[in-house]
Amino acid sequence: MSITIYRARRIRTMNPARPLATHVAVRDGLVLGAGSLDELTGWGAHRVDERFADRVLLPGFVEGHTHLMEGALWRFVYVGFHDRTDPDGRQWPGARSIDEVIERLRAAQAALEAPDTPLVGWGFDPIYFGGGRCNRADLDRVSDTRPVGVAHASLHILNVNSAALAAAGWLRREIDHPGVPLAADGLPTGEMKGPDAMAGVAEVIGMDRTALAGDEDAVRRFGRLCVRKGVTTATDLASPLPEDAVRMMLRVTGEADYPARIVPLLRLLGQPVAQAIARAVELGGLSTDRLRLGRIKVVADGSIQGFSARLRAPGYFNGAPNGLWYTAPEQMSQAYELALAHGVQIHTHTNGDEATELALDVLEKALARHPRPDHRFTLQHCQMADRAQFLRMKALGMAVNLFANHHFYWGDEHYRMTVGPERATRMNACRTALQTGVPMAIHSDAPVTPMGPLFTAWCAVNRLTASGRVQGDYECIGVDEALRAVTLGAAYTLKLDSEVGSIETGKRADFAVLEQDPCEVAPAALRDVPVWGVVQGGRVFEAASQ
């Protein structure tokens, strides 16, 4: 096959043995080598491609915690607090109060023809409105006959109106469920916390995870978004992966012009643990280059800003009761043991430090029974972990993927309301992870926050809140360290670092094509570096054409 040698203004390879280059040779979607033109001509007959001559190449960014729902949710109404850009590049303004949320839903309702068609908003987070809560009466102002729901930005809480509660069978008194708070009249407030409480109403309003998993248009929109952000490998971190959705993803990602490698993780929820592990093993055998299957996601607790995360003493700063266990400790223990026995990698969502402690305890016991070198069980978010917990992660061979974006979006709220000043300054402790030797990635958790590895890197480098405060300068990391976290670091957590994450001989020809060198701009400008597009598996995709 023919050889193409791309010339660039600069190539930052993430290969410590050869960190900089001016040319990279590609054949059959693989890197032959990176270096000077003279060094690469020895590979044989070639053509030199000059289109990147004034641009900078980095390894294609690896988004180690995101969701294909980032593509699916745009069919609903965006009601988040912050301005947001959709996969087609359109800007959507934020809704800055509950009244604005209600008005936006009312405006969207006018376009619905059938009176019983559900109406759904997403991105909602009442913590920005002084910590108040949304209840069924608020959403009844939109409609008291049509099912109406709004998903929180965290996707761990769903608020619904009376019609949705009634349709799901929840509009009744004397419900005893930790995820269903009750109003003074004994009926549910309409705020449904956690997967058990959300499941029935989510199906009523059309936000069922199984249905969303099979959204072909969402997979295509997600691929376009990856190109715009320089991402060549991205996870779908928690999917039910029904048979029809897997067939669809195999077909779509197998198309010649699909621009990203997708790594879906099977969500451990609602099925026996042994069945889930067996399903993960089966899915692993279906993997292709652009659809990597066979991993499992466990969700231990909820979200900190939703007060559903599990915190150790002294608990929440504002005195809120402790959060919820989404996966029972006994079930997590069984999952870890069976996964180690069958060689299945587990990624575990732990927002609160009590949830992180549980994961560490469970893995320590499971490894004693089923030793497995290089298991790379990874803690996702892991926002509240302290140094002692990072040292335990290192000893147990774990990796961590920290939620760096959280400081910008919720840092001020964490400081004044959820966990208080001291713990807020240590959240998402990137510097501590590096100092203790824990393999580290950073992520967006899109659609919880917008996908954009350069923005995520900016968050880890600067740790600025939305109000402009530096929150925990001790935990700031350098630009080079942040860029490694969104390339090789994330690839390591997925056991893909032998294939992607750096530009060197034998790896996939996956590049992020940038208009500026992120190591030459001021750290404060890192998020503003323009992305031209990507090279994915040797195929060129320009963001402007998506």
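- With hydrogens and angles ignored, the 3.5 Å screen pairs no side-chain donor or acceptor of Arg133 with any backbone N or O of Thr189.
- Residues Met192 and Leu165 are in side-chain contact: their nearest non-hydrogen atoms beyond the backbone lie under 4.5 Å apart.
- Between the side chain of Arg431 and the main chain of Tyr474, no donor-acceptor pair closer than 3.5 Å is present.
- Annotation: side chain of Thr66 is not in contact with side chain of Val231 (no heavy-atom distance under 4.5 Å).
- Using modelled atom types and a 3.5 Å distance limit, the side chains of Asp86 and Trp92 yield a donor-acceptor pair.
- Asn401 and His381 form no side-chain donor-acceptor contact under 3.5 Å, judged by distance and modelled atom types alone.
- Under the 4.5 Å side-chain criterion, counting only non-hydrogen atoms from C-beta, Leu266 is not in contact with Pro264.
- Of the inter-residue distances, the one linking Phe307 atom CZ with Thr418 atom OG1 reads 6.0 Å to the nearest 0.5 angstrom.
- Asp480 has no carboxylate O lying under 4.0 Å from a charged side-chain N of Arg12, or vice versa, which leaves the two without a salt bridge.
- A donor-acceptor pair is defined here as one N or O able to donate and one able to accept, closer than 3.5 Å; no such pair exists between the side chain of Thr350 and the backbone of Gly352.
- Between the side chain of His347 and the backbone N or O of Ala238, no donor-acceptor pair lies under 3.5 Å.
- Stacking of Arg96 on the aromatic ring of Phe81 is recorded, both the 6.0 Å distance cut-off and the 45° axial limit being met.
- In this structure, Tyr128 and His82 approach most closely via the heavy-atom pair OH-NE2, 3.5 Å.
- Phe390 contributes atom CZ, which lies 10.0 Å from atom CG of Leu360 (distance to the nearest 0.5 angstrom).
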Open item on the list: Show, in sequence, the C-alpha distance, side-chain angles and deciding distance for Glu63 and Lys229, and conclude whether the salt bridge (charged side-chain N to carboxylate O under 4.0 Å, His left out) test is met.
Closed with: CA-CA 10 Å; Glu63 236 301 357; Lys229 300 302 181 180; over 6 Å; no
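- Using a distance-only test at 3.5 Å, with no hydrogens or angles considered, a donor-acceptor pair links the side chain of Asn161 to the main chain of Val148.
- When every heavy atom of Asp83 is checked against every heavy atom of Gly94, the shortest pair comes out as OD1-N, 2.8 Å.
- Salt-bridge annotation for Glu475 and Arg387: absent, with no side-chain N of the basic residue lying under 4.0 Å from a carboxylate O of the acidic one.
- Close placement of the Phe408 and Phe455 rings is indicated, their centers lying within 6.0 Å of each other.
- A salt bridge links Asp386 to Arg312: one of the charged nitrogens lies within less than 4.0 Å of a carboxylate oxygen.
- Ion pairing between Glu481 and Arg484 fails under the 4.0 Å rule for side-chain N and carboxylate O.
- Both tests pass for Arg376 against the ring of Tyr492: distance under 6.0 Å to the centre and angle within 45° of the axis.
- The shortest side-chain heavy-atom distance between Glu100 and Val79 does not fall under the 4.5 Å cut-off.
- Here CZ of Arg141 is found 10.5 Å from CG of Leu105. Values are rounded to the nearest 0.5 Å.
- Contact annotation: the side chain of Pro530 never approaches that of Leu514 to less than 4.5 Å [non-hydrogen atoms, C-beta and beyond].
- Between Arg392 and Asp361 there is a salt bridge, with a side-chain nitrogen of the basic residue lying less than 4.0 Å from a carboxylate oxygen of the acidic one.
- Listed for the Asp353 side chain is no donor-acceptor partner under 3.5 Å among the backbone atoms of Leu311.
- Between Asn428 and the choices Gln471, Gln383, Arg463, the side chain to side chain donor-acceptor pair (under 3.5 Å) rule is met once, by Gln383.
- Looking at Asn405 and Thr456, their side chains do bring a donor and an acceptor atom within 3.5 Å of each other.
- Asp236 and Arg292 are not joined by a salt bridge, as no carboxylate oxygen comes within less than 4.0 angstrom of a charged side-chain nitrogen.
- Across every non-hydrogen atom of Lys495 and Asp374, the tightest pair is NZ-O, 2.8 Å.
- Screening Val263, Ile346, Thr235, Leu237 for a side chain to side chain contact (heavy atoms under 4.5 Å, CB included) involving Arg295 leaves a single residue, Val263.
- Of all heavy-atom pairs between Leu158 and Val150, the closest is CD1-O, 3.5 Å.
- Taking both residues in full, the closest heavy atoms of Gly230 and Val531 are given as N-CG1, 3.6 Å, listed atom of the first, atom of the second, then distance.
- Annotation: Trp410 is not in aromatic contact with His414 [ring centroid separation under 6.0 Å not met].
- With hydrogens and angles left out, the side-chain atoms of His152 and Asn159 include a donor and acceptor closer than 3.5 Å.
- Looking at Asp138, its side chain does come within 3.5 Å of a backbone N or O of Asn135 through a donor-acceptor pair.
- For the pair Trp122 (side chain) and Ala153 (backbone), a donor-acceptor distance under 3.5 Å is absent.
- Under the 4.0 Å criterion applied to side-chain N and carboxylate O atoms, Asp185 and Arg136 are assigned as salt-bridge partners.
- For Val180 against Pro188, the heavy-atom pair with the smallest separation is CG1-CB, 3.7 Å.
- Counting heavy atoms from C-beta outward, Glu191 and Cys134 have side chains that stay 4.5 Å or more apart.
- Atom CD of Gln91 has more than 12 heavy atoms from other residues, nucleotides or ligands within 6.0 Å.
- For the residue pair Tyr336 and Thr348, a side-chain donor N or O sits within less than 3.5 Å of a side-chain acceptor on the partner.
- Contact annotation: the side chain of Met207 never approaches that of Val201 to less than 4.5 Å [non-hydrogen atoms, C-beta and beyond].
- When each of His156, His65, His443 is paired with His349, the ring pair (Phe, Tyr, Trp, His ring centres under 6.0 Å) condition holds for His156 and for no other.
- Residue Gln516 qualifies as enclosed at atom CD: its count of foreign heavy atoms under 6.0 Å is above 12.
- Salt bridge absent: Glu337 and Lys365 never bring a charged side-chain N and a carboxylate O closer than 4.0 Å.
- Using a 4.5 Å heavy-atom cutoff, the side chains of Leu358 and Trp325 are in contact.
- With rounding to the nearest 0.5 Å, the separation of CD1 in Ile127 from CD in Glu413 is 5.5 Å.
- Inspection of the Thr465 and Asp412 side chains reveals an N or O donor paired with an N or O acceptor under 3.5 Å.
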Task: Residue pair Thr432, Arg426: steps toward the side-chain contact (heavy atoms from CB on, under 4.5 Å) verdict - done: CA-CA 9 Å; Thr432 297; Arg426 79 156 194 248; over 6 Å; no
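- Cys519 SG to Leu483 CG: the interatomic distance, rounded to the nearest 0.5 Å, is 5.0 Å.
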TODO: Please assess Phe129 against Phe124 for the test side-chain contact (heavy atoms from CB on, under 4.5 Å), listing each intermediate value before the final yes or no.
DONE: CA-CA 11 Å; Phe129 311 142; Phe124 179 64; 3.8 Å; yes
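- Look at Arg310 and Glu357 and you find no salt bridge, because none of the NZ, NE, NH1 or NH2 atoms lies under 4.0 Å from a carboxylate O.
- A salt bridge does not link Asp99 to Arg104: none of the charged side-chain nitrogens sits closer than 4.0 Å to a carboxylate oxygen.
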- [ ] Determine, step by step, whether Leu68 and Ser239 satisfy the side-chain contact (heavy atoms from CB on, under 4.5 Å) criterion, reporting the C-alpha distance in whole Å, the side-chain angles of both residues, the deciding distance to 0.1 Å, and the verdict.
- [x] CA-CA 9 Å; Leu68 289 175; Ser239 171; over 6 Å; no
- [ ] Take Val62 and Leu494 through the test side-chain contact (heavy atoms from CB on, under 4.5 Å) and record every step on the way to the result.
- [x] CA-CA 10 Å; Val62 180; Leu494 300 172; 4.1 Å; yes
